[in-house]
**Student:** 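Sending over a structure as structure tokens; questions will come in a sec.
Computed from a prediction, not measured in an experiment: that's the story for all the values here. Within every chain, numbering begins at 1; the chains are lettered A, B, ... in the order of the sequence lines, protein sequences first and strands thereafter.
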Amino acid sequence: MIEFEKELNSAQFEAATHPQGPVLVIAGAGSGKTRTIVYRLAWLVEQGIPPESILLMTFTRKAAQEMLMRTEQILGRPLHGTSGGTFHAFAFSILRRNSAEIGFPNGFTLMDRSDCEGVIKEVKDSLGYGKKDRSYPKKATLLDMVTKSRNKEVPIDTLVNSEAFHLATYSQEMEEIGKGYSIYKKQHGLMDYDDLLFYLEDLLANDKFLRNSLRSRYQYIMVDEYQDTNLVQARIVKLLAGENGNVMAVGDDAQSIYSFRGADVSNILKFPEIFNDVKLVRLEQNYRSTQPILDLTNAILDGAEIKFDKKLFTEKTWGKKPQLMVPLSDFSQSNRILDRIVKLQKKYGPEEVAVLFRAGYQSYGLEVALKRLGVGYKKYGGLKFNEAAHIKDILAFLRLVTNPADIISWQRTLGHIKGVGPKTALKIANAVIEAESKALGKFTKKYPLLQEILTDLDGLRKKKSSPGTALEVIIPLYKPILVAAYPDDYPRREAGIEQLAQIASNYDDLEIFLADMCLDPDQHSEEEKKEDVVTLSTIHSAKGLEWNAVIIIDLVEDRFPSKKSMQKPLEYEEERRLLYVACTRAREELIMSAPASINRRNTDFSEAAIPSPFIRELDPTLFDELQESYSGGMNMKKNNPITPPVSATSASNESKKTNLKKFGLCKHKIFGKGKIIEKIEPNKVRVNFPGFGPKVIVEDYLELL
DNA sequence: TGGGTTGAAGTTTTT
DNA sequence: CTTCAACCCA
């Protein structure tokens with residue numbers, strides 16, 4: 001018997017043992033959110049609720065697995081049949097069984113990011129857009145806009161006006177591309193991540209029988225990280241929960257960091273309006289970090305444009321102040337951080353140290369340093385295992401076994417035949433699909449390799465082969481192609497393919513294997529399995545995790561907050577929350593690093609770097625500052641001379657103000673070159689931009705020419 | 001139409 | 001430094 005009342009604090013207990021109806025748990029960072037969910041699961045099961053009637057939606061599959069495992073631990077017995085995973089994976093499993101009903105009689109193939117980009121490019125080209133226009137939005141940008149408009153459920157036009165003004169001239173065409181994209185997917189039996197959610201919603205809304213059967217199956221629904229759900233996810237929850245509404249939503253509005261993907265914080269704020277008689281529980285006591293760390297994280301939130309009514313507190317009143325390290329450059333930062341990692345690992349154990357950063361590439365320097373010293377590490381975020389060209393090649397081939405209409409995969413696969421490019425591949429694919437044996441005969445005669453590929457595909461299709469056996473056929477066929485394409489590093493890539501085969505051997509069903517590779521790309525990568533090593537992670541991928549010591553690197557302007565977010569208030573605020581998430585991962589030691597200079601990509605020279613505005617605005621008594629001396633050591637900066645470092649921005653503003661009187665030429669990041677025609681308020685001017693017309697701009701966003 | 005070359009532009013986060 | 005698309009030649 002579990003003693004719930006003893007194991008949980010009163011708020012946690014209240015949430016975990018709430019008998020019926022909707023509950024909203026606003027759980028501050030480190031407030032025992034996972035613990036609450038786990039105890040709720042255990043409580044439900046102890047009340048006699050069958051485990052298979054519980055549905056647990058999480059942000060990653062890993063999170064779900066961990067929670068289910070912990071529940072089994074405290075229950076002391078296995079938990080059979082509880083469904084746990086991401087919205088996307090859940091949607092896939094339902095849609096797969098009902099594909100005919102949503103207009104995919106032959107099933108569908110799930111696309112990953114680069115497949116989607118390929119389709120977008122195809123549509124763009126077929127519409128004849130962007131010819132000869134070098135500055136036409138790239139396929140990645142186009143896809144971003146299309147999916148963002150879909151996720152936020154706002155027309156592209158509106159989206160462009162509110163957050164991508166520089167694309168204004170293209171919004172009409174982007175709208176068309178979006179339409180074409182959606183038709184293309186349907187025609188070729190393809191779905192992207194967004195489709196999974198929208199088709200699921202349609203299915204639930206229209207199929208009363210299915211809806212009722214799912215409702216009676218899932219009596220209790222729990223949704224973790226609710227602040228990062230989007231509108232359609234919220235509606236799906238509503239459809240699944242039904243009248244009795246046994247939903248528990250858990251989240252923290254201060255940790256919402258996925259709005260770039262369409263997540264909508266107002267979901268969590270509006271939850272009480274959507275369901276009746278919502279029980280609201282707040283978890284505010286922090287069990288993770290020491291008080292000096294919380295003082296700093298509370299201060300970060302204090303600077304927010306829209307205030308959070310939230311002050312985390314802890315009983316761990318002891319502890320070290322967070323540190324701000326100022327290495328001379330981003331290059332020396334790697335070495336100084338390496339020293340710290342080694343020391344911290346001795347103190348806390350090798351697994352208990354993590355280095356966090358804004359973007360995947362920011363850890364490259366450190367990775368080199370770690371390798372040189374032979375310190376093991378695992379990295380989360382950034383490039384994925386299945387984004388490597390050779391892995392994609394193999395997966396494309398496998399996809400043709402299940403979906404012959406997948407033109408993108410045909411082009412990828414047939415492109416390896418000498419003399420075949422996208423155009424010829426398209427013709428061949430059409431000949432195959434339409435079964436035009438005459439045309440096909442010509443092609444197979446001309447390209448012997450094609451005959452081989454087709455024969456293998458046919459064999460695999462007929463036998464309904466498992467992923468493992470399919471790979472046994474494909475690998476020998478692909479090997480010569482691999483060797484020819486990458487003469488210098490094919491052994492490394494071959495090892496990657498071996499690894500893929502290893503993963504595949506755990507699956508019986510090819511379609512499920514392929515979907516999992518998109519839905520959960522790095523669950524099986526070798527990284528996962530490494531033990532006793534330091535963790536390197538993007539902050540997004542570190543969500544929900546914690547370590548004794550956390551180091552955050554590259555806290556300088558343009559890198560964190562990212563350059564792009566500086567001009568957009570909403571994105572800038574999200575960067576702030578991102579830093580909040582990063583800092584609240586630390587239990588005992590928090591180290592922030594803001595190198596004094598960074599290397600710009602296109603120059604050989606380092607440029608002076610300005611510490612992140614989030615750091616500059618902090619009260620300097622909240623942290624200790626360490627500066628790297630020219631001889632290499634780190635010295636404590638004595639009694640923290642109040643460091644509103646006569647910031648470079650304000651200094652340059654001064655000079656701007658005087659120069660602006662001349663009404664000269666200037667440059668704006670979005671509108672390009674323009675001429676200043678009028679000074680309006682103390683810090684605003686009217687500028688005429690060729691092509692855009694006159695605009696009122698805040699001086700700080702202008703560069704004088 | 002494929003394949004190589006050239007020249008310019010753009011750099012985040014993820015299911 | 002990398003990626004992308006236009007351009008040219010076979």
Side-chain angles (χ1 to χ4, degrees), chain A residues 57-64 85-92 110-114 116-117 121 124-125 130-141 143-144 147-148 151 166 191-197 225 228-230 232-233 256-263 356-362 364 380-384 386-387 411 414-428 446-447 515-523 537-543 554 558-566 568 571 574-575 577-579 581-582 599-604 669:
Chain A
M57 300 284 212
T58 53
F59 208 66
T60 62
R61 184 178 307 205
K62 200 170 118 202
T86 61
F87 275 92
H88 298 270
F90 176 74
F92 177 80
L110 190 55
M111 298 188 290
D112 67 13
R113 168 83 198 190
S114 81
C116 299
E117 288 182 359
K121 181 170 158 22
K124 186 194 92 177
D125 291 346
K131 284 196 173 160
K132 303 202 173 192
D133 182 359
R134 286 212 122 98
S135 60
Y136 203 85
K138 304 273 166 282
K139 58 184 189 204
T141 314
L143 179 65
D144 277 345
T147 70
K148 207 168 184 181
N151 275 296
H166 59 297
M191 272 197 204
D192 63 12
Y193 294 113
D194 308 333
D195 290 325
L196 289 173
L197 303 177
E225 309 282 8
D228 283 325
T229 55
N230 63 18
V232 63
Q233 284 170 323
S256 130
I257 54 174
Y258 276 91
S259 73
F260 71 91
R261 195 173 105 177
L356 306 182
F357 32 85
R358 174 74 245 273
Y361 72 88
Q362 288 170 347
Y364 293 162
Y380 295 104
L383 288 171
K384 302 257 158 25
N386 59 345
E387 276 164 11
Q411 287 174 330
L414 301 181
H416 293 303
I417 303 170
K418 200 90 193 119
V420 178
K423 286 275 154 67
T424 318
L426 181 64
K427 281 185 198 155
I428 298 175
K446 198 165 167 198
Y447 311 110
D516 271 10
M517 291 305 291
C518 295
L519 289 170
D520 201 2
D522 47 13
Q523 67 158 333
S537 177
T538 59
I539 298 166
H540 284 89
S541 300
K543 186 157 109 161
D554 275 358
D558 289 358
R559 293 210 180 167
F560 196 164
S562 78
K563 201 173 188 169
K564 283 193 163 180
S565 70
M566 292 297 281
K568 299 178 202 158
E571 287 187 25
E574 183 149 309
E575 299 282 312
R577 294 193 295 270
L578 201 51
L579 180 62
V581 169
N599 207 296
R600 290 281 145 137
R601 285 247 189 130
N602 35 5
T603 59
D604 282 344
K669 280 175 185 157

**Student:** Give the dot-bracket line for DNA chain B from 5' end to 3' end: parentheses for intra-strand Watson-Crick or G-U pairs under 3.5 Å, square brackets for crossings, | for inter-strand pairing, dots for unpaired.
**Tutor:** ||||||||||.....

**Student:** Just to be sure I understand the rule, does A:Y258 reach a base, reach only the sugar-phosphate, or reach nothing, if contact means heavy atoms closer than 4.0 Å?
**Tutor:**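 Since only primed, P, OP1 and OP2 atoms lie under 4.0 Å of A:Y258, the category is sugar-phosphate.
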
**Student:** For A:K138 and for A:G415, locate the closest nucleotide of DNA chain B by heavy-atom distance; then report the residue assigned to the nucleotide nearer the 5' terminus.
**Tutor:**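 Between the two, 5'-proximity favours A:G415.
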
**Student:** Just how far, in rounded Å, is P of B:dT14 from CG of A:D144?
**Tutor:**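 After rounding, the reported distance stands at 13 Å.
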
**Student:** When you compare C:dC4 with B:dT13, how far apart are their P atoms, in angstrom units rounded to a whole number?
**Tutor:**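 Roughly 15 Å separates the two P atoms.
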
**Student:** Between A:K121 and A:E117, is there a salt bridge with N-O shorter than 4.0 Å?
**Tutor:**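 Looking at A:E117 and A:K121, the cut-off is not met.
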
**Student:** Rounded to whole Å, please give me the gap between CZ in A:R577 and P in B:dT13.
**Tutor:**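 Distance check: A:R577 CZ to B:dT13 P gives 18 Å.
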
**Student:** Please report the interatomic distance CZ(A:F92) to OG1(A:T86), rounded to the nearest 0.5 Å.
**Tutor:**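 Result: 11.5 Å between the selected atoms.
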
**Student:** Is A:F260 stacked against the base of B:dT13, taking the criterion as centroid distance under 5.5 angstrom and interplanar angle under 30°?
**Tutor:**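 Yes, A:F260 stacks on the base of B:dT13.
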
**Student:** For A:E225, answer base if it contacts any base atom (sugar-phosphate contacts may also be present), sugar-phosphate if it contacts only those atoms, and nothing otherwise; contact means non-hydrogen atoms under 4.0 Å.
**Tutor:**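 It contacts nothing in the nucleic acid.
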
**Student:** Could A:D144 and A:R113 be called an ion pair, given the rule that one side-chain N must be under 4.0 Å from one carboxylate O?
**Tutor:**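 Judged by the 4.0 Å cut-off on N to carboxylate O distance, A:D144 and A:R113 do form a salt bridge.
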
**Student:** Among B:dT12, B:dG3, C:dA5, which nucleotide sits nearest the side chain of A:K418?
**Tutor:**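 For A:K418, the side-chain atoms sit closest to B:dG3.
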
**Student:** Give one of base, sugar-phosphate or nothing for A:S565, where a contact means two heavy atoms less than 4.0 Å apart.
**Tutor:**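 Touches nothing.
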
**Student:** Picking from C:dC4, B:dT14, B:dT12, which would you name as closest to the side chain of A:S562?
**Tutor:**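 Given the options C:dC4, B:dT14, B:dT12, the side chain of A:S562 is closest to B:dT12.
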
**Student:** Under a 4.0 Å N-O cut-off, is there an ion pair linking A:R261 with A:D228?
**Tutor:**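 Result for this pair is no, no salt bridge flagged.
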
**Student:** Want to settle it: does A:P422 or A:D194 sit nearer the 5' end of DNA chain B, counting the closest nucleotide to each?
**Tutor:**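 Per heavy-atom nearest nucleotide, the more 5' residue is A:P422.
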
**Student:** Using whole Å, what does the distance between atom P of nucleotide B:dT14 and atom OH of A:Y361 come to?
**Tutor:**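 Rounded to whole Å, this separation is 13 Å.
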
**Student:** Tell me which nucleotide among B:dT14, B:dT13, C:dC4 gets nearest to the side chain of A:A359.
**Tutor:**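 Selected nucleotide (nearest to the side chain): B:dT13.
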
